[in-house]
S.K.: 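Below are the structure tokens for one structure; questions will follow.
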Amino acid sequence: MSMLTPFERKGYDLFNAFHEFENDFFKGNQITSCKTDIRDEGDKFVLESELPGFEKEDIKLDLNGDCLTISAQHSKNTEEKDKKGSYVRRERSYCSYQRSFNVSECELSQIDAEYKNGVLMISLPKKEKTRPSVRRLEIK
């Protein structure tokens with residue numbers, strides 16, 4: 001791709017330099033993704049999802065059949081005014097995330113969730129595997 005950039009100079013790529021500046025400048029103002037780890041602990045699955053900057057009230061967990069959906073929405077308004085009441089700086093930001101997981105192997109009535117220090121932890125107990133019943137049939 002750098003071969004197609006018209007601003008490329010030997011040893012210096014102006015396009016990439018601007019792109020790096022833009023990424024560094026806006027890095028603190030956005031969440032890049034909702035990173036999630038899932039561990040199998042034998043009798044349960046433990047799902048850990050990173051949601052830094054969100055309050056507990058911003059996060060919703062919805063069960064629809066065998067689908068668990070994590071959604072989070074956050075908005076922030078910042079205003080700075082001078083003595084005359086004119087804006088010196090005014091910024092608004094909004095971010096939302098949504099992830100869905102198949103929980104068909106879990107006991108839905110026993111799911112437990114906790115949000116602490118920017119990490120959502122969900123405990124998903126596994127369903128007990130039922131063995132087919134064995135019985136003897138009588139012949140008439």
Side-chain angles (χ1 to χ4, degrees):
M1 161 123 171
S2 64
M3 304 270 308
L4 301 176
T5 306
F7 302 108
E8 183 177 309
R9 295 183 191 160
K10 187 173 185 175
Y12 182 74
D13 185 344
L14 187 60
F15 177 78
N16 284 336
F18 179 74
H19 185 67
E20 288 174 15
F21 166 75
E22 182 181 36
N23 285 344
D24 289 342
F25 183 77
F26 291 109
K27 187 178 283 183
N29 297 328
Q30 65 182 3
I31 301 171
T32 56
S33 67
C34 177
K35 295 177 180 148
T36 303
D37 297 328
I38 302 172
R39 291 190 317 269
D40 184 346
E41 294 190 350
D43 62 336
K44 65 181 175 181
F45 295 104
V46 176
L47 184 145
E48 291 182 21
S49 189
E50 294 179 2
L51 295 166
F54 288 94
E55 296 295 326
K56 180 177 153 183
E57 297 77 28
D58 298 335
I59 303 167
K60 302 213 178 349
L61 300 176
D62 295 309
L63 272 172
N64 186 2
D66 289 337
C67 181
L68 172 67
T69 301
I70 301 170
S71 57
Q73 292 184 356
H74 176 71
S75 62
K76 180 179 176 182
N77 292 321
T78 304
E79 295 181 358
E80 291 181 17
K81 296 182 180 183
D82 61 10
K83 292 178 183 179
K84 297 177 186 176
S86 300
Y87 287 111
V88 174
R89 180 175 72 111
R90 183 176 186 190
E91 295 182 17
R92 293 160 298 287
S93 66
Y94 175 84
C95 64
S96 68
Y97 289 96
Q98 182 172 326
R99 300 259 331 245
S100 295
F101 301 91
N102 180 345
V103 291
S104 60
E105 296 181 28
C106 302
E107 193 60 56
L108 303 181
S109 63
Q110 297 178 10
I111 294 175
D112 186 34
E114 178 183 7
Y115 184 66
K116 191 172 170 182
N117 298 327
V119 177
L120 176 65
M121 186 173 291
I122 303 173
S123 176
L124 303 153
K126 293 181 181 179
K127 286 182 181 176
E128 287 189 34
K129 296 193 180 196
T130 58
R131 295 183 182 182
S133 61
V134 178
R135 63 185 180 133
R136 182 165 287 162
L137 300 174
E138 288 188 35
I139 302 173
K140 294 184 183 180

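Since the model is a prediction, treat every value here as computed from it, not as a measurement.
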S.K.: Enumerate, atom names and distances included, each donor-acceptor pair closer than 3.5 Å involving a side-chain atom of residues 122-134, sequence neighbours excluded.
M.R.:
residue, atom, partner, partner atom, Å
Lys126, NZ, Asp40, OD1, 2.7
Lys126, NZ, Asp40, OD2, 3.1
Lys126, NZ, Gly42, O, 3.0
Lys127, NZ, Ser104, O, 3.3

S.K.: Check whether any side-chain heavy atom of Leu63 sits under 4.5 Å from a side-chain heavy atom of Ile111, and report yes or no.
M.R.: yes
S.K.: At what distance, to the nearest 0.5 angstrom, does CD1 of Ile38 lie from CD of Glu48?
M.R.: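 It is 10.5 Å, given to the nearest 0.5 Å.
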S.K.: Heavy-atom distance under 4.5 Å between the side chains of Leu51 and Asp58, does that happen here?
M.R.: no
S.K.: Is the shortest side-chain heavy-atom distance between Leu47 and Ile70 below 4.5 Å?
M.R.: yes
S.K.: Report, as yes or no, whether the 6.0 Å neighbourhood of atom CD on Glu107 holds more than 12 heavy atoms from other residues, nucleotides or ligands.
M.R.: yes
S.K.: Who are the side-chain contact (heavy atoms from CB on, under 4.5 Å) partners of Lys116, not counting sequence neighbours?
M.R.: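 Expected list: Glu114.
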S.K.: Between atom CG of Leu120 and atom CZ of Arg99, what is the distance when rounded to the nearest 0.5 Å?
M.R.: 12.0 Å
S.K.: Any chain of hydrophobic side-chain contacts (each under 4.5 Å) joining Val119 to Tyr97?
M.R.: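 No, Val119 does not connect to Tyr97 through the hydrophobic network.
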S.K.: What residues, two or more places apart in sequence or in another chain, satisfy salt bridge (charged side-chain N to carboxylate O under 4.0 Å, His left out) together with Arg136?
M.R.: none
S.K.: If you group Ile, Leu, Val, Met, Phe, Trp and Tyr whenever their side-chain heavy atoms sit less than 4.5 Å apart, what else falls in with Val46?
M.R.: Met121
S.K.: In chain order, what residues pass the side-chain contact (heavy atoms from CB on, under 4.5 Å) check against Glu57, with sequence neighbours excluded?
M.R.: Glu55
S.K.: Which pairs count as ring-ring contact (aromatic ring centres under 6.0 Å, His included) when at least one residue sits in residues 98-135, sequence neighbours excluded?
M.R.: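 Applying ring-ring contact (aromatic ring centres under 6.0 Å, His included) to every pair that reaches into residues 98-135, excluding sequence neighbours, yields nothing.
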S.K.: From Leu61 CG over to Ser71 OG, what is the distance, rounded to the nearest 0.5 angstrom?
M.R.: 7.5 Å
S.K.: Could you report the tightest heavy-atom contact between Glu105 and Phe45, atom names first, then the distance?
M.R.: OE1-CZ, 4.1 Å
S.K.: What are the two closest heavy atoms between Gly65 and Leu108, and how far apart are they?
M.R.: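 Looking at all heavy atoms of both residues, the closest pair is O-CD1, 3.5 Å.
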